[in-house]
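Working notes for the structure below.
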Amino acid sequence: MRKLIPLIISAALGSCYTSGSVEYASSGVVDLAYVAPGVSVIANYGEPIFYSDGAYWYNAYGGWYRSPYYTGGWKYVQYPPYRISQIRAPLAYRYYRPYGYVPRYRPVPANRIRTPHIYDYRSARRNYNYQPGHNPYYRDHAKY
């Protein structure tokens, strides 16, 4: 019931836009725009970074990553919360600005955030320097 009352009030006022701000220790405050119940996105930002359940969420390489900061420290989450997993097109929220958006805070530029580092074992195997007798998956083409 507590969650329903603010929703009814905002609908009665005719505003579907909800904004907020979240502070974090190292780089200040960011503008958040409402996306879905319990999910917000950093408004007018070059990367679609969502905020839910007290953490930032970033979708990269087909998986979800979680961090307490929006600029880095991403850890892969195999099973994200239901609210986050229901976002069908995360890239649609790049530079997302709801109607009537007025910027209040300037976040760290998107080109300065650290994206998740993914170790792809297949590329490591492909770039492997062949040593005879060491790797059975590759032949030494120089012999043939």
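No experiment lies behind these values; they were computed from the predicted model shown.
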Starting from Y93, walk the hydrophobic network (Ile, Leu, Val, Met, Phe, Trp, Tyr; side-chain heavy atoms closer than 4.5 Å) and list everyone else you reach, by chain and number. V35, V39, V41, F50, W57, W64, V77, I84, I87, Y96
Could you tell me whether the side chain of Y58 reaches within less than 4.5 Å of the side chain of I49, counting heavy atoms only? yes
Close side-chain approach of Y56 to W74, heavy-atom, < 4.5 Å: yes
Of all heavy-atom pairs between R94 and G46, which one has the smallest distance, and what is that distance? NE-O, 2.8 Å
Closest non-hydrogen atom pair, A60 against Y65: O-CE1, 3.3 Å
Sequence neighbours excluded - salt bridge (Lys or Arg N to Asp or Glu O under 4.0 Å) pairs with any residue from [range]:
range          : value
residues 33-43 : none
residues 52-67 : D53-R83
residues 54-64 : none
residues 34-46 : none

Could you go through D31 and I42, starting from their C-alpha distance and side-chain angles, then the distance that decides it, and tell me whether this counts as side chain to side chain contact (heavy atoms under 4.5 Å, CB included)? CA-CA 6 Å; D31 287 336; I42 298 178; 6.0 Å; no
side-chain contact (heavy atoms from CB on, under 4.5 Å) filter on P37, not counting sequence neighbours, yields Y34
By side-chain contact (heavy atoms from CB on, under 4.5 Å), Y82 pairs with (sequence neighbours left out) S85, Q86
Where the side chain of Y51 meets the backbone of A33, is there a donor-acceptor pair that is under 3.5 Å apart? no
Determine whether a donor-acceptor pair (N or O, by modelled atom type, separation under 3.5 Å) exists between the side chain of S52 and the backbone of G38. yes
Identify, with sequence neighbours excluded, every residue that meets side chain to side chain donor-acceptor pair (under 3.5 Å) alongside N44. none
